[in-house]
Amino acid sequence: MIARETYLPFAMPSIGQEEIDEVVDSLRSGWITTGPKVNRFESDFAAYIGAKHALAVNSCTAGLHIALTALGVAPGDEVIVPTFTFCSSVNVVVHLGAEPVLVDVGEDFNVRPQAIEAAITPRTKAIMPVHYSGQACDMQAIYDIAVRYGLPVVEDAAHAVGSLYHHHKIGSASLVQHLAPEAGVTVVTVFSFYATKNMTTGEGGMITTEDDTLADQMRLLTLHGMSRDAWKRYTHVGSWHYDVVVPGYKGNMTDIQAALGIHQLRRLDGFIETRQRYAQIYDDTFAHLPEVDTPVAHTDRNHIYHLYVIRLRLERLRIDRGQFIDALKARNIGTSVHFIPVHLHPFYQKRLLYPLDGLSEAERLYDQIISLPLYPRMTEADVQDVLTAVTDVVRVSRR
Ligand SMILES: Cc1ncc(COP(=O)(O)O)c(C=O)c1O
């Protein structure tokens, strides 16, 4: 067996000296929660994406919860979400007492627009596409459906900060303008800066939208429903008085997180380039391994490879996906699986009220997938180690 000497973790952040200095600056300044650095990060992010409003939150999950709340999602409503996602995209629908309607994905792991349309009922309140692994969903088809049925779109862009569709950034004003120039469609996009993401603030997220009313509402919901700029109440320009106008959440980002984010954002395009270069190396090598299928990359989108997900051709192997992961671990390569389809989790098996028989593609993909390590902190030698390990496992376990 060929094994590398040290364990290669599945994911690791790239934190530079600028991030460290900025965090230390916040710690020394005496202002460690929401403040000037969050403001700066929000405006830098809005400029990077090309969005009118950017609202920093303490996680993508909080952002999705806040977005759905601002849209008025409530008991009796339905929200359409792909089953091939992280549980939190769906949990937030349940938190609001609404019904998540789970739909299937296609070969590219992204939600099938036809499945969305087939799931629409008079109770549908919103559509939540998930840009899986950093490749945009078929947004033309999804916005067309949204316009036709008058439904808002809440995009789970946890994996997609910097991702492009038709050369427009996910979450940008120009994407909506490009795809739905006349009709207008309400779009809220939520990004994640969790530790493994293409850029990180440890924990954190950002909401973008073009809608002024929704932006105001979401900002209130982010900090207890307290009137605007309540965060300033401990500064010399602030006032002790505030009004609570809705029962909001505690979803605000801290300046310590924003200190990281400001510098991670500046490095994001470089991070993406490295991910894409490594993904190309993986693609080129796996092209010679008939036991491994590489991820589908559409030519009208810029895949930013938050994840590099291979599919095993199980009919060509004597081991299953779990055993393949164990064999990689024995060779000191960390991996992961994204995702266990939501409808297969015990809570959702009991909770969902409709037949779960239309989700077969997600189930089929789930049995085949492995997410390989792919991050800028890896060296090319690490990438080669992953390739060597996968090739070796295939060699000893092919039929
Ligand atoms: C698709 C998807 N949505 C939402 C989330 C939640 O992000 P966060 O951890 O920032 O709440 C994740 C996190 O991994 C995710 O993968």
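Each ligand, and each atom within it, is numbered from 1 in the order the structure gives. Note that the numbering runs from 1 along the sequence shown for the chain. None of these values were measured; they are calculated from a predicted model.
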> Hey, is the main chain of L260 close enough, under 3.5 Å, to the side chain of E19 for a donor-acceptor pair?
Replying inline: no

>> Out of the candidates F339, Y366, Y308, Y132, only one should pair with F109 under the ring-ring contact (aromatic ring centres under 6.0 Å, His included) rule; please name it.
In response: Y132

>> Could you work out, with salt bridge (Lys or Arg N to Asp or Glu O under 4.0 Å) as the rule, every residue matching D385, not counting sequence neighbours?
In response: R4

>> Going by salt bridge (Lys or Arg N to Asp or Glu O under 4.0 Å), name the residues that satisfy it together with R311, two or more places apart in sequence or in a different chain.
In response: E107

> Mind checking what residues have non-hydrogen atoms under 4.0 angstrom from ligand 1?
Replying inline: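 Residue list for ligand 1: S59, C60, T61, T85, F86, S88, S89, V130, D156, A158, H159, S192, Y194, K197, G204, F339.
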
> Does anything in residues 55-66 pair up under salt bridge (Lys or Arg N to Asp or Glu O under 4.0 Å), and if so which pairs, sequence neighbours excluded?
Replying inline: none

> What do the steps show when you test Y194 against E203 for side-chain contact (heavy atoms from CB on, under 4.5 Å), and what is the final call?
Replying inline: CA-CA 5 Å; Y194 177 67; E203 300 282 353; 3.4 Å; yes

